[in-house]
Amino acid sequence: MRDVAVISFAQAKNQRRVADLNEVEMLMPVTGQVLDQVGMTIDDIGFTCSGSSDYLAGVGFSFVSTLDGVGPWPPIQESHVEMDGAFALYEAWVKIQLGEIDTALVYCYSKSSPGDLPMVLTRQLDPYTVAPLWPDTVSLAALQARALIDAGRTTEPEMAEVAARSRRSALDNPNAQLAWDRPAGDLLTEDYHVAPLRKHDCAPITDGAAAVVLAAGDAARRRVERPAWIRGIDHRIEPMALGLRDLTVSASTRLAGEKAGVADGPVDVAELHAPFTHQELILREALGLVDHQNVNPSGGALSANPMLAAGLIRIGEVATRISSGEADRGVAHATSGPCLQQNLVCVLEGES
Amino acid sequence: MTAAASTPHSEGAPLAITLPASLQGVELVRSVRTPAQLDYQFTAGAATSRFLRGIAQKKILGERCPVCGKVYVPPRGACPRDGVPTSEQVELPHVGTVTSFCVVNVAFYGSSMELPYTSANILLDGSHLSLMHLIQEIPADQVRIGMRVEAVWVPDDELKPTLESIKWFRPTGEPDDVNVDIPGEDHGTGLGSWVGGVAPIDPRGTH
Ligand SMILES: [Zn+2]
């Protein structure tokens, strides 16, 4: 295995709706910044991989016009996944492992605001028996939360604590969309949104973008003082049919966490991609972080959830804390699909 | 959904699925229709909005890259060579050269065009990106690469912020520009052999 590190990370300020700019205009400052920070241009990049979804844009092949923003002419080596940027990072990491290139640019973006997001996301469900019923994302997450409560593994007050802690942490995150300081007890006096979920249990709808630069070995050491080395990375998927899964556990996260080596050392910081409060609890259990004191210091997806980018942002948030010396070893997680269907776990570490 | 009752799952014994009595002998579902519609609020973006506002005033506004100087129309806000925002607006003439075309003989859903018609890439004078539009006022089989064309606009009181404010392009009658610089050809995209400005087929048949 080659040593590969995250050497730069940038994200747009997360907003409910970016009304005046199209996707490429929203993304360009982010890809510009992520390269500038390490004194690179697209000419220094061996491979570019992006993550976005035409379903969110409502435009076929939308990623092709967005590619203009990185300057792909003369032709560059490039790929795209219709997934979160964390999975694009995985593809780039594999490409670097092959040994032909030493650097990669990973970027991702989405505007969720042009469509009705919970309805748009029904299109990722089984197209024959489930999608025709248009079950929205929040309702499916509510079924999962109900199952977890019925199993005696969480309570509404515990979920409210996750919400309160996340939004309080987000006060220190200048890119957060939702940040406030309210006691969990207050939150419980509010009405249900989709029982047993209240509004505060759900991630906001966000327009945003993020980017990362990966570099191998000396190419990383040459450019930054303290690269955030990827010590393990793995992703796993569960069946599409919701009825085939035990929604109260995340088997795919557990397996990906084992393969990535989460338990092989101390965890100073963890960023978990949990768009709903109860999902953080499921993920903590799957990764052996039940009582961990430093989960989602950025505020997590509950404070800003740009689809297709919130997973890569988790990796970027951990990498930034390692590069700054604030943490030595951290865990980043990204999810995709309904009710935590697919999960990626990445272990990052700094050199002493 | 087709019954898998008789499908062998290996070379050995067939997979045994026993349907409940209520489902035995019922007609198989061979297909399902699940229509879906999603509505979106599309954002043209800053650069394309500037372009569309120009069109409503009967102006064609491209945007120039501050690094390489190329002019893009319609602008999308970025230079694909340099990955930087374009910001300087450039008013372009309504005249250009056909760089590629396609004669459409098959109707498609939503089109009200009379067949056959010609769709073409047109490089406006002073620009470096072809614009796609229709060619009319000439028989489809006479349209050719290098042909000089001009925009035909709707009446002034019908101008709107849409490319449909240009009805189509028509021949100007000028001599063909066989040296037209086809965007992309300088890097060998495999689209043709215009390398060095030599047309793959001389449009006048004298090559
Ligand atoms: Zn340029």
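Quick note on labels: first sequence line is chain A, next is B, and so on, each numbered from 1.
A:D20 CG: 12 or fewer foreign heavy atoms inside a 6.0 Å radius. Few gaps surround CD on B:E174; more than 12 heavy atoms of other groups in view lie less than 6.0 Å from it. Crowding of B:K160 atom NZ: a count of heavy atoms from other residues, nucleotides or ligands under 6.0 Å not exceeding 12. Other residues, nucleotides and ligands place more than 12 heavy atoms under 6.0 Å from the CD atom of B:E158.
Contacts between A:P29 and chain B at a heavy-atom distance below 4.5 Å are absent for every atom of the residue. Both the backbone and the side chain of A:M119 come within contact range of chain B, with heavy atoms under 4.5 Å apart. Within the 4.5 angstrom heavy-atom criterion, atoms from both the backbone and the side chain of A:L21 approach chain B. Only the backbone of A:V70 comes within contact range of chain B, with heavy atoms under 4.5 Å apart.
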query: Between A:R17 and B:Q41, does a side chain to side chain contact (heavy atoms under 4.5 Å, CB included) hold up when you go through it step by step?
result: CA-CA 11 Å; A:R17 177 166 151 76; B:Q41 202 170 15; 3.8 Å; yes
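Contacts classified as salt bridge (charged side-chain N to carboxylate O under 4.0 Å, His left out) and involving residues 61-84 of chain A (residues at least two apart or in different chains) are given here: A:D68-B:R76. Sorted by first and then second residue, the ring-ring contact (aromatic ring centres under 6.0 Å, His included) pairs with a member in residues 37-70 of chain B form an empty list; sequence neighbours excluded. For residues 113-133 of chain B, every residue pair satisfying the ring-ring contact (aromatic ring centres under 6.0 Å, His included) rule, not counting sequence neighbours, is listed here: B:H133-B:F169.
When A:P72, A:P132, A:G32 are compared by the number of non-hydrogen pairs under 4.5 Å with chain B, A:P72 comes out ahead. Among B:P35, B:C79, B:P85, B:S49, the residue with the largest count of heavy-atom pairs under 4.5 Å with chain A is B:P85.
The two residues A:N22 and B:A44 come nearest to each other via the heavy atoms ND2-O, 3.1 Å. Taking both residues in full, the closest heavy atoms of B:A78 and A:V24 are given as CB-CG2, 4.1 Å, listed atom of the first, atom of the second, then distance.
Counting heavy atoms from C-beta outward, A:E23 and B:T43 have side chains that stay 4.5 Å or more apart.
Side-chain atoms of A:E25 come within 3.5 Å of backbone atoms of B:A47 as a donor-acceptor pair (strictly under, hydrogens ignored).
Rounded to the nearest 0.5 angstrom, B:L38 CG and A:W134 CH2 are separated by 4.5 Å. Within the model, atoms CH2 of A:W73 and SG of B:C68 stand 12.5 Å from one another, a figure rounded to the nearest 0.5 Å.
By a heavy-atom distance cut of under 4.5 Å, A:Y55, A:L56, A:A57, A:G58, A:V59 are the residues of residues 54-63 of chain A near chain B, going up by number.
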